[in-house]
Q: 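Pasting in a structure now, in structure tokens, and then I'll have a few things to ask.
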Protein chains: 2
Amino acid sequence: MARIQTHNNSSRKELILSKAAALFREKGFKAASMRHLAESVGVEAASLYNHIKSKTELLHELCFGVANRFMQKMDEVEAAKIPDIEKIEDLIRFHIYQMIHHYEEVYVCDREWKYLADPYLSNFQNQRRMYRKRFAAIIESGIRNNSIKPIDAPTAVLILLHAIGGIESWHRSTQKIDADALTQNMVTILGGGLKPAS
Amino acid sequence: MARIQTHNNSSRKELILSKAAALFREKGFKAASMRHLAESVGVEAASLYNHIKSKTELLHELCFGVANRFMQKMDEVEAAKIPDIEKIEDLIRFHIYQMIHHYEEVYVCDREWKYLADPYLSNFQNQRRMYRKRFAAIIESGIRNNSIKPIDAPTAVLILLHAIGGIESWHRSTQKIDADALTQNMVTILGGGLKPAS
DNA sequence: TTTATTCGCTAACATTCGTTAGTATATTAC
DNA sequence: GTAATATACTAACGAATGTTAGCGAATAAA
């Protein structure tokens with residue numbers, strides 16, 4: 001019937017993407033149907049295909065959009081001339097920030113990537129593995145110069161990343177503390193577990 | 001055609017349950033079909049219904065089986081006469097043990113519970129909320145007697161539980177350290193983040 | 001104003017889904 | 001041996017899925 005946005009506004013697809021992120025997060029990728037998505041966009045299901053190629057394409061774009069942001073941050077942090085422990089806290093803060101301010105996409109990227117189709121799936125898994133390796137390398141560097149407790153670095157990375165993923169629960173919580181306080185608490189607990197007893 | 005187990009062996013359903021856990025974990029509840037499950041049991045899809053009521057019933061039983069084990073452990077820990085910090089480490093070790101030795105069910109309980117049908121869904125969410133409250137209460141008690149750093153207890157619980165959920169990645173890892181070392185590392189990092197600077 | 005393009009719609013498609021009905025066979029109980 | 005029960009099978013159902021085809025109206029370009 002009526003077009004919702006003017007023609008020259010190319011952000012129609014971006015609206016679909018953001019609605020898709022919310023829907024995939026709420027229902028899960030498999031349980032979210034194109035008809036649901038269409039409804040939340042305010043359009044019939046078939047009309048979506050004037051803007052997108054397929055349901056999976058939506059997942060591709062969401063996942064790699066998020067992944068690229070994290071990779072870019074990792075580049076910056078690696079290049080920075082600051083102590084290792086600060087690099088880690090910087091990364092933790094970035095993760096938390098992303099989780100809070102781009103909740104839906106980050107969550108989808110975190111929990112629904114396994115439904116990616118295969119050229120993309122392997123690519124994504126490689127990027128993920130690489131990211132964790134680079135994170136672990138920073139921790140190992142910190143261990144060598146005694147600014148970090150001697151622990152198994154891959155295990156530490158695993159703990160950090162999943163702990164941050166838990167903000168999901170905070171996000172849904174009714175009586176939530178404010179974002180800054182949350183960040184500070186997480187850095188205290190997670191960072192505190194890394195620093196050697198002084 | 002041929003029955004796979006003898007009649008008086010009542011564990012046919014348990015086989016289905018354990019195959020379901022593995023399948024739900026691998027594919028996700030929605031993406032796992034009864035025909036896939038049947039294949040992995042070695043039977044036609046319709047035959048499953050001689051043993052189970054529905055697909056959702058499988059999820060119920062998996063989720064509440066796990067949830068009940070954790071609730072029972074919490075009862076024990078609360079009743080024990082040991083310092084708060086030891087209670088917490090005890091719980092952490094229990095979580096890790098469960099995650100390692102009952103991986104598939106625990107994972108499914110953790111990540112797929114949202115597909116429970118509604119009398120069960122609310123029930124499950126309540127139990128979950130209650131469990132976290134009781135966990136947080138132990139932390140708060142520890143804070144009051146100065147054996148734990150003054151932090152936001154609900155946030156700490158959230159971090160702990162999700163960090164442990166990350167063992168999922170360890171489980172899939174090719175070059176994994178052994179389970180005891182993993183446990184020790186996690187207790188060091190997570191416990192270390194809680195103890196006050198001395 | 002005419003022409004081309006964008007973007008909505010309805011209708012329909014082939015698959016896949018969970019599940020039921022009805023039947024046959026093998027085991028157990030008597 | 002006979003009756004009863006447990007459990008496997010084949011066939012089929014209605015519903016929901018992602019997606020395509022084709023059409024009409026609105027916008028942009030000429």
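Here is the naming used below: chain letters follow the sequence lines, and residue numbers restart at 1 for every chain. Please read all numbers here as calculations on a predicted model, not as lab measurements.
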Q: Checking side-chain polar atoms at under 3.5 Å, does B/D118 have a donor or acceptor matched by the opposite partner on B/S122?
A: yes

Q: Nearest whole Å is fine: how far is C/dT16 P from B/K30 NZ?
A: 18 Å

Q: Go through the steps for B/S141 and B/D84 under the test side chain to side chain donor-acceptor pair (under 3.5 Å), then give the verdict.
A: CA-CA 7 Å; B/S141 161; B/D84 293 317; 2.7 Å; yes

Q: Using 4.0 Å as the upper bound for N to carboxylate O, is an ion pair formed by A/E86 and A/K81?
A: no

Q: Out of D/dT20, C/dC17, C/dT19, which nucleotide sits closest to the side chain of B/Y49?
A: C/dT19

Q: Can you tell me if A/S33 touches the phosphate of D/dA16, counting only side-chain N or O atoms and a distance under 4.0 Å to OP1 or OP2?
A: no

Q: Round to the nearest Å and state the distance from B/K53 atom NZ to C/dT20 atom C1'.
A: 14 Å

Q: Please tell me whether A/H95 and A/F70 form a close aromatic pair, meaning their ring centres lie under 6.0 Å apart.
A: yes

Q: Do any side-chain nitrogens or oxygens of A/R12 fall under 4.0 Å of OP1 or OP2 in C/dT6?
A: no

Q: Using the rule given for ring pair (Phe, Tyr, Trp, His ring centres under 6.0 Å), can you reason through A/F124 versus A/H60, listing the C-alpha separation, both sets of side-chain angles and the distance that settles it, and then say yes or no?
A: CA-CA 9 Å; A/F124 184 86; A/H60 299 160; over 10 Å; no

Q: For nucleotides 13-15 of chain C, print each protein N/O atom paired with a nucleotide N/O atom at under 3.5 Å, atom names and distance only.
A:
none

Q: Of the candidate nucleotides C/dT20, C/dC7, C/dC9, which contains the atom at the shortest distance from the side chain of A/H51?
A: C/dC7

Q: Check this for me: does any side-chain nitrogen of one of A/D75 and A/R134 sit under 4.0 Å from a carboxylate oxygen of the other?
A: yes

Q: Considering residues, nucleotides and ligands other than B/K133, do more than 12 of their heavy atoms fall under 6.0 Å from its NZ?
A: no

Q: Find the distance between CD1 (A/I82) and CG (A/D90) and round it off to the nearest 0.5 Å.
A: 5.5 Å

Q: B/F24 CZ to C/dC17 P: how many Å, rounded?
A: 13 Å

Q: At 10 degrees resolution, what angle do the end axes of the helix from C/dT1-D/dA30 to C/dC30-D/dG1 form when each is taken over five base pairs?
A: 20°

Q: Have a look at B/A31 and say if it touches a base, only the backbone sugar-phosphate, or nothing, with a 4.0 Å heavy-atom cut-off.
A: nothing

Q: With the threshold set at 4.0 Å, does a side-chain nitrogen-carboxylate oxygen contact exist between B/E112 and B/K30?
A: no

Q: Would you mind reading off the distance between A/E44 atom CD and D/dT20 atom P, rounded to a whole angstrom?
A: 17 Å

Q: For B/M34 and C/dT16, give me the distance from atom CE to atom P, rounded to whole Å.
A: 18 Å

Q: For A/K55 and D/dT20, give me the distance from atom NZ to atom C1', rounded to whole Å.
A: 17 Å

Q: Using whole Å, what does the distance between atom C1' of nucleotide D/dA8 and atom CD of B/E39 come to?
A: 17 Å

Q: Can you sort out the partners of B/E105 under salt bridge (charged side-chain N to carboxylate O under 4.0 Å, His left out), two or more places apart, ordered by chain and number?
A: B/R69

Q: Would you state whether a donor and an acceptor, one from the side chain of B/N50 and one from the base of D/dA8, lie under 3.5 Å apart?
A: yes

Q: Report yes if a side-chain nitrogen or oxygen of A/S47 is closer than 4.0 Å to either non-bridging phosphate oxygen (OP1 or OP2) of C/dC7; otherwise report no.
A: no

Q: Which nucleotide wins on minimum distance to the side chain of B/A46, given the candidates D/dT19, C/dT19, D/dT10?
A: D/dT10

Q: Give the nucleotide from the list C/dC17, D/dC9, C/dT19 with an atom nearest to the side chain of B/V43.
A: D/dC9

Q: How close or far is atom P of D/dT17 from atom CG of A/L23, stated in whole angstroms?
A: 11 Å

